[in-house]
Amino acid sequence: MQILSNFDLCQSGQINSPMIMKNRSLVSIDDFTTEEILKILDLTVEFEKEPTQWLLEGKVVATLFFEPSTRTRLSFESAINRLGGKIIGFSDAANSSVSKGETLNDTIRTVNNYCDLIVMRHPIEGSARFASEIATVPIINAGDGANQHPSQTLLDLYSIRKTQGTLENLNIFMVGDLKYGRTVHSLMMAMSRWKATFNFISPEELRMPDEFKLYLDNLGLKYYEHNDFTDIISKADIIYMTRVQKERFSDPIEYEKVKNVYVLRDSMLKNTKPNMRILHPLPRVNEIHTDVDSNPKAYYFEQALNGVYTRQAILCSLLGIK
Ligand code: CP
(Lines give C-alpha, C1' and ligand atoms only; values in the text may rest on other atoms or scores of the structure.)
Protein backbone atom coordinates (compact mmCIF):
# COMPACT_ATOMS: atom_id res chain seq x y z
CA MET A 1 0.00 0.00 0.00
CA GLN A 2 1.34 3.42 -0.91
CA ILE A 3 1.61 5.77 2.06
CA LEU A 4 0.69 9.28 0.98
CA SER A 5 2.46 12.20 2.59
CA ASN A 6 0.94 15.61 3.18
CA PHE A 7 2.85 16.78 0.12
CA ASP A 8 1.26 14.06 -2.06
CA LEU A 9 -2.19 14.85 -0.70
CA CYS A 10 -1.79 18.58 -1.30
CA GLN A 11 -0.41 17.98 -4.81
CA SER A 12 -3.38 15.78 -5.64
CA GLY A 13 -5.84 18.28 -4.16
CA GLN A 14 -7.12 15.78 -1.57
CA ILE A 15 -6.33 18.23 1.22
CA ASN A 16 -5.54 21.90 1.30
CA SER A 17 -2.17 22.81 2.78
CA PRO A 18 -3.03 22.75 6.50
CA MET A 19 0.04 24.70 7.67
CA ILE A 20 -0.32 23.04 11.05
CA MET A 21 3.00 21.53 11.94
CA LYS A 22 2.31 21.10 15.66
CA ASN A 23 2.59 17.47 16.79
CA ARG A 24 3.55 16.29 13.29
CA SER A 25 6.66 14.20 12.69
CA LEU A 26 9.39 14.94 10.16
CA VAL A 27 10.33 11.57 8.70
CA SER A 28 10.67 12.37 5.00
CA ILE A 29 11.07 15.79 3.40
CA ASP A 30 7.83 15.04 1.54
CA ASP A 31 5.99 15.11 4.88
CA PHE A 32 6.05 18.90 4.50
CA THR A 33 4.36 20.89 1.78
CA THR A 34 6.35 23.50 -0.12
CA GLU A 35 4.53 26.19 1.84
CA GLU A 36 5.56 24.55 5.12
CA ILE A 37 9.18 24.21 4.02
CA LEU A 38 9.30 27.89 3.09
CA LYS A 39 7.75 28.78 6.44
CA ILE A 40 10.55 26.89 8.23
CA LEU A 41 13.19 28.61 6.08
CA ASP A 42 11.70 32.01 6.92
CA LEU A 43 11.66 31.13 10.62
CA THR A 44 15.31 30.07 10.33
CA VAL A 45 16.17 33.60 9.18
CA GLU A 46 14.74 34.86 12.47
CA PHE A 47 16.73 32.36 14.56
CA GLU A 48 19.92 33.27 12.73
CA LYS A 49 19.33 36.89 13.78
CA GLU A 50 18.58 35.89 17.39
CA PRO A 51 19.52 32.29 18.29
CA THR A 52 19.22 32.62 22.06
CA GLN A 53 15.54 32.80 23.00
CA TRP A 54 13.74 31.13 25.92
CA LEU A 55 11.13 29.38 23.76
CA LEU A 56 11.56 25.75 24.87
CA GLU A 57 11.47 26.36 28.61
CA GLY A 58 9.75 23.38 30.25
CA LYS A 59 10.18 21.16 27.18
CA VAL A 60 12.22 17.95 27.17
CA VAL A 61 13.69 16.66 23.90
CA ALA A 62 15.12 13.12 23.60
CA THR A 63 18.03 12.58 21.22
CA LEU A 64 18.36 8.86 20.44
CA PHE A 65 21.40 8.16 18.27
CA PHE A 66 21.78 4.52 17.31
CA GLU A 67 24.50 5.59 14.81
CA PRO A 68 27.43 7.99 15.26
CA SER A 69 26.94 11.71 14.64
CA THR A 70 28.72 14.97 15.31
CA ARG A 71 26.80 17.70 13.51
CA THR A 72 23.23 16.44 13.65
CA ARG A 73 23.23 15.53 17.34
CA LEU A 74 25.28 18.46 18.55
CA SER A 75 23.50 21.06 16.42
CA PHE A 76 20.14 19.76 17.68
CA GLU A 77 21.46 19.89 21.24
CA SER A 78 22.92 23.35 20.72
CA ALA A 79 19.59 24.48 19.27
CA ILE A 80 17.68 23.07 22.28
CA ASN A 81 20.12 24.58 24.80
CA ARG A 82 19.93 28.00 23.16
CA LEU A 83 16.14 27.83 23.41
CA GLY A 84 16.14 26.88 27.10
CA GLY A 85 14.92 23.30 26.65
CA LYS A 86 16.26 20.17 28.36
CA ILE A 87 17.86 17.16 26.66
CA ILE A 88 17.79 13.46 27.51
CA GLY A 89 19.05 10.58 25.41
CA PHE A 90 22.07 8.62 24.27
CA SER A 91 24.76 9.02 21.65
CA ASP A 92 25.61 5.33 21.57
CA ALA A 93 23.01 2.57 21.73
CA ALA A 94 25.58 0.43 23.58
CA ASN A 95 24.85 2.60 26.63
CA SER A 96 21.11 1.95 26.42
CA SER A 97 18.98 -1.13 27.04
CA VAL A 98 19.15 -1.85 23.30
CA SER A 99 22.41 -3.61 24.24
CA LYS A 100 20.30 -5.96 26.42
CA GLY A 101 18.05 -6.82 23.49
CA GLU A 102 15.29 -4.23 23.86
CA THR A 103 13.35 -3.65 20.65
CA LEU A 104 12.93 -0.29 18.93
CA ASN A 105 9.20 -0.54 19.64
CA ASP A 106 9.78 -0.81 23.40
CA THR A 107 12.46 1.89 23.42
CA ILE A 108 10.18 4.38 21.65
CA ARG A 109 7.14 3.52 23.78
CA THR A 110 9.23 4.14 26.89
CA VAL A 111 11.09 7.30 25.85
CA ASN A 112 7.80 8.70 24.51
CA ASN A 113 6.70 8.99 28.16
CA TYR A 114 9.73 11.03 29.15
CA CYS A 115 9.78 13.82 26.57
CA ASP A 116 7.91 16.20 24.28
CA LEU A 117 9.74 15.29 21.05
CA ILE A 118 12.19 12.60 19.88
CA VAL A 119 15.11 13.14 17.51
CA MET A 120 16.28 9.74 16.28
CA ARG A 121 19.07 8.42 14.06
CA HIS A 122 18.94 4.72 13.25
CA PRO A 123 20.75 2.49 10.74
CA ILE A 124 17.60 0.79 9.42
CA GLU A 125 15.65 2.38 6.56
CA GLY A 126 12.05 2.96 7.61
CA SER A 127 12.87 2.95 11.33
CA ALA A 128 11.86 6.60 11.75
CA ARG A 129 8.50 6.02 10.07
CA PHE A 130 8.00 2.99 12.32
CA ALA A 131 8.83 5.10 15.39
CA SER A 132 6.44 7.85 14.29
CA GLU A 133 3.60 5.34 14.10
CA ILE A 134 4.22 4.26 17.72
CA ALA A 135 5.02 7.57 19.38
CA THR A 136 2.48 10.14 20.47
CA VAL A 137 5.14 12.87 20.46
CA PRO A 138 6.70 14.15 17.18
CA ILE A 139 9.62 12.20 15.74
CA ILE A 140 12.37 13.94 13.79
CA ASN A 141 14.24 11.55 11.52
CA ALA A 142 17.93 12.40 11.99
CA GLY A 143 18.87 9.82 9.35
CA ASP A 144 17.48 6.31 8.75
CA GLY A 145 20.06 4.18 7.00
CA ALA A 146 20.51 5.16 3.36
CA ASN A 147 16.96 6.50 3.14
CA GLN A 148 16.32 10.11 4.28
CA HIS A 149 17.79 12.91 6.39
CA PRO A 150 15.13 15.64 6.18
CA SER A 151 16.45 18.08 8.81
CA GLN A 152 19.74 18.10 6.87
CA THR A 153 17.71 18.88 3.76
CA LEU A 154 16.06 21.86 5.38
CA LEU A 155 19.44 23.29 6.39
CA ASP A 156 20.73 22.55 2.88
CA LEU A 157 17.77 24.41 1.38
CA TYR A 158 18.41 27.29 3.75
CA SER A 159 22.09 27.36 2.72
CA ILE A 160 21.21 27.23 -0.99
CA ARG A 161 18.60 29.98 -0.76
CA LYS A 162 20.91 32.14 1.34
CA THR A 163 23.85 31.86 -1.07
CA GLN A 164 21.96 31.84 -4.38
CA GLY A 165 19.16 34.25 -3.43
CA THR A 166 16.63 31.77 -4.82
CA LEU A 167 15.74 28.08 -4.94
CA GLU A 168 14.36 28.29 -8.49
CA ASN A 169 15.88 26.70 -11.60
CA LEU A 170 19.31 25.93 -10.18
CA ASN A 171 21.84 23.52 -11.63
CA ILE A 172 22.69 21.13 -8.81
CA PHE A 173 25.70 18.82 -9.06
CA MET A 174 25.60 15.87 -6.66
CA VAL A 175 28.92 14.10 -6.43
CA GLY A 176 30.07 10.84 -4.82
CA ASP A 177 27.95 8.22 -3.10
CA LEU A 178 24.51 8.74 -4.59
CA LYS A 179 23.41 5.18 -3.86
CA TYR A 180 23.67 5.19 -0.08
CA GLY A 181 23.71 8.95 0.50
CA ARG A 182 20.52 9.80 2.38
CA THR A 183 21.28 13.52 2.24
CA VAL A 184 21.28 13.56 -1.58
CA HIS A 185 18.08 11.52 -1.70
CA SER A 186 16.22 13.99 0.52
CA LEU A 187 17.74 17.05 -1.16
CA MET A 188 16.93 15.83 -4.66
CA MET A 189 13.29 15.30 -3.68
CA ALA A 190 13.13 18.77 -2.14
CA MET A 191 14.89 20.67 -4.94
CA SER A 192 12.63 19.06 -7.54
CA ARG A 193 9.90 21.38 -6.25
CA TRP A 194 11.84 24.35 -7.58
CA LYS A 195 12.57 22.85 -11.02
CA ALA A 196 16.24 22.14 -10.47
CA THR A 197 18.35 20.47 -13.11
CA PHE A 198 20.41 17.64 -11.63
CA ASN A 199 23.83 16.37 -12.62
CA PHE A 200 24.57 13.11 -10.82
CA ILE A 201 28.30 12.34 -10.74
CA SER A 202 29.24 8.95 -9.34
CA PRO A 203 30.97 5.71 -10.19
CA GLU A 204 28.67 3.10 -11.75
CA GLU A 205 28.48 1.23 -8.44
CA LEU A 206 27.13 4.26 -6.58
CA ARG A 207 24.56 5.65 -9.03
CA MET A 208 21.40 7.39 -7.84
CA PRO A 209 18.88 4.55 -7.21
CA ASP A 210 16.18 4.02 -9.85
CA GLU A 211 13.35 4.91 -7.47
CA PHE A 212 14.71 8.46 -7.15
CA LYS A 213 15.28 8.80 -10.89
CA LEU A 214 11.71 7.64 -11.43
CA TYR A 215 10.61 10.34 -9.01
CA LEU A 216 12.20 12.95 -11.31
CA ASP A 217 10.86 11.24 -14.45
CA ASN A 218 7.34 11.48 -13.05
CA LEU A 219 7.83 15.20 -12.50
CA GLY A 220 9.29 15.68 -15.99
CA LEU A 221 12.55 17.03 -14.57
CA LYS A 222 15.94 16.69 -16.26
CA TYR A 223 18.87 14.80 -14.81
CA TYR A 224 22.15 13.70 -16.29
CA GLU A 225 24.51 11.00 -15.06
CA HIS A 226 28.29 11.30 -15.40
CA ASN A 227 31.44 9.52 -14.29
CA ASP A 228 33.42 12.77 -14.10
CA PHE A 229 32.56 16.46 -13.83
CA THR A 230 35.75 18.37 -14.62
CA ASP A 231 34.52 19.33 -18.13
CA ILE A 232 31.11 20.57 -16.99
CA ILE A 233 31.96 22.14 -13.63
CA SER A 234 31.48 25.68 -15.06
CA LYS A 235 27.69 25.03 -15.27
CA ALA A 236 27.18 24.31 -11.58
CA ASP A 237 25.33 26.63 -9.20
CA ILE A 238 25.81 24.21 -6.31
CA ILE A 239 28.29 21.37 -6.04
CA TYR A 240 27.06 19.01 -3.34
CA MET A 241 29.95 16.71 -2.43
CA THR A 242 29.36 13.54 -0.44
CA ARG A 243 31.51 11.01 1.36
CA VAL A 244 31.69 7.43 0.16
CA GLN A 245 30.27 5.78 3.27
CA LYS A 246 32.42 2.89 4.35
CA GLU A 247 29.81 1.75 6.88
CA ARG A 248 27.24 1.02 4.14
CA PHE A 249 29.44 -1.46 2.23
CA SER A 250 29.22 -5.16 3.10
CA ASP A 251 32.34 -5.90 1.00
CA PRO A 252 35.45 -3.87 2.02
CA ILE A 253 37.04 -4.52 -1.41
CA GLU A 254 34.13 -2.75 -3.11
CA TYR A 255 34.68 0.24 -0.79
CA GLU A 256 38.42 0.36 -1.56
CA LYS A 257 37.65 0.52 -5.29
CA VAL A 258 35.57 3.68 -5.08
CA LYS A 259 36.63 5.47 -1.87
CA ASN A 260 38.84 8.14 -3.47
CA VAL A 261 37.28 8.36 -6.89
CA TYR A 262 36.49 12.10 -6.56
CA VAL A 263 38.75 14.62 -4.87
CA LEU A 264 37.74 18.27 -5.36
CA ARG A 265 40.79 20.57 -5.41
CA ASP A 266 41.09 24.34 -5.45
CA SER A 267 42.70 24.27 -8.92
CA MET A 268 39.49 22.74 -10.34
CA LEU A 269 37.42 25.79 -9.32
CA LYS A 270 38.98 28.39 -11.67
CA ASN A 271 36.21 28.29 -14.29
CA THR A 272 33.28 27.98 -11.95
CA LYS A 273 30.47 30.56 -11.68
CA PRO A 274 31.31 33.47 -9.32
CA ASN A 275 28.33 32.62 -7.12
CA MET A 276 28.80 28.85 -7.18
CA ARG A 277 29.02 27.32 -3.70
CA ILE A 278 30.37 23.99 -2.51
CA LEU A 279 28.22 22.17 0.03
CA HIS A 280 28.91 18.95 1.89
CA PRO A 281 26.82 17.48 4.72
CA LEU A 282 30.11 16.42 6.37
CA PRO A 283 31.99 14.56 7.68
CA ARG A 284 34.43 14.53 4.77
CA VAL A 285 37.23 12.06 4.31
CA ASN A 286 39.27 12.87 1.16
CA GLU A 287 36.64 14.09 -1.29
CA ILE A 288 37.33 17.79 -0.67
CA HIS A 289 41.01 18.64 -0.41
CA THR A 290 41.79 21.02 2.43
CA ASP A 291 43.16 23.51 -0.13
CA VAL A 292 39.51 24.25 -1.02
CA ASP A 293 38.69 25.36 2.54
CA SER A 294 40.04 28.90 2.10
CA ASN A 295 38.28 29.42 -1.25
CA PRO A 296 35.25 31.74 -0.78
CA LYS A 297 33.18 29.19 -2.71
CA ALA A 298 33.63 26.65 0.10
CA TYR A 299 30.46 26.87 2.20
CA TYR A 300 30.35 23.58 4.14
CA PHE A 301 31.28 24.90 7.58
CA GLU A 302 28.76 27.76 7.33
CA GLN A 303 26.26 25.14 6.15
CA ALA A 304 26.89 23.17 9.36
CA LEU A 305 26.34 26.35 11.41
CA ASN A 306 23.04 26.95 9.59
CA GLY A 307 22.02 23.58 11.04
CA VAL A 308 21.59 25.12 14.49
CA TYR A 309 19.18 27.83 13.31
CA THR A 310 17.28 25.50 11.00
CA ARG A 311 16.83 22.93 13.76
CA GLN A 312 15.57 25.64 16.10
CA ALA A 313 12.93 26.45 13.50
CA ILE A 314 11.99 22.77 13.05
CA LEU A 315 11.73 22.13 16.81
CA CYS A 316 9.54 25.17 17.43
CA SER A 317 7.31 24.35 14.46
CA LEU A 318 6.71 20.75 15.52
CA LEU A 319 6.13 21.78 19.14
CA GLY A 320 3.72 24.48 18.05
CA ILE A 321 5.73 27.28 19.64
CA LYS A 322 5.35 30.68 18.06
N1 CP B 1 25.58 15.86 8.24
C2 CP B 1 25.54 14.89 9.18
O3 CP B 1 24.58 14.13 9.27
O4 CP B 1 26.64 14.83 9.97
P5 CP B 1 26.80 13.90 11.25
O6 CP B 1 26.86 12.47 10.76
O7 CP B 1 28.07 14.34 11.89
O8 CP B 1 25.60 14.12 12.10
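For the single chain, residues carry numbers from 1 onward in sequence order. Start at 1 and go down the list; that is how both ligands and their atoms are numbered. Because the structure is predicted, anything quoted here is derived from the model rather than measured.
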I'd like to know if [X] and [Y] make a salt bridge, using a cut-off of under 4.0 Å between side-chain N and carboxylate O.
X: Asp251; Y: Lys257; value: no
X: Lys39; Y: Glu36; value: no
X: Arg129; Y: Asp31; value: yes

>> Evaluate Arg73 for polar contact with ligand 1, using N/O atom pairs at a separation under 3.5 Å.
In response: no
> Judged by modelled atom types alone, do Asn141 and His149 share a side-chain donor-acceptor pair under 3.5 Å?
Replying inline: no
> Does a donor on one side chain and an acceptor on the other come within less than 3.5 Å for Arg121 and Thr72?
Replying inline: yes
>> Counting non-hydrogen protein atoms only, what is the nearest one to atom 1 (N) of ligand 1? Give residue, atom name and distance.
In response: Pro281 O, 2.8 Å
>> To check your reading of the model: name the closest protein heavy atom to atom 6 (O) of ligand 1, its residue, and the distance in Å.
In response: Arg121 NH1, 3.0 Å
>> At under 4.0 Å between heavy atoms, is it the side chain or the backbone of Leu282 that contacts ligand 1, or both, or neither?
In response: backbone
>> As an exercise, identify every atom of ligand 1 less than 4.0 angstrom from a heavy atom of Thr70.
In response: 5 (P), 7 (O), 8 (O)
>> At less than 4.0 angstrom from any non-hydrogen atom of Gln152, what atoms of ligand 1 do you find?
In response: 1 (N), 2 (C)
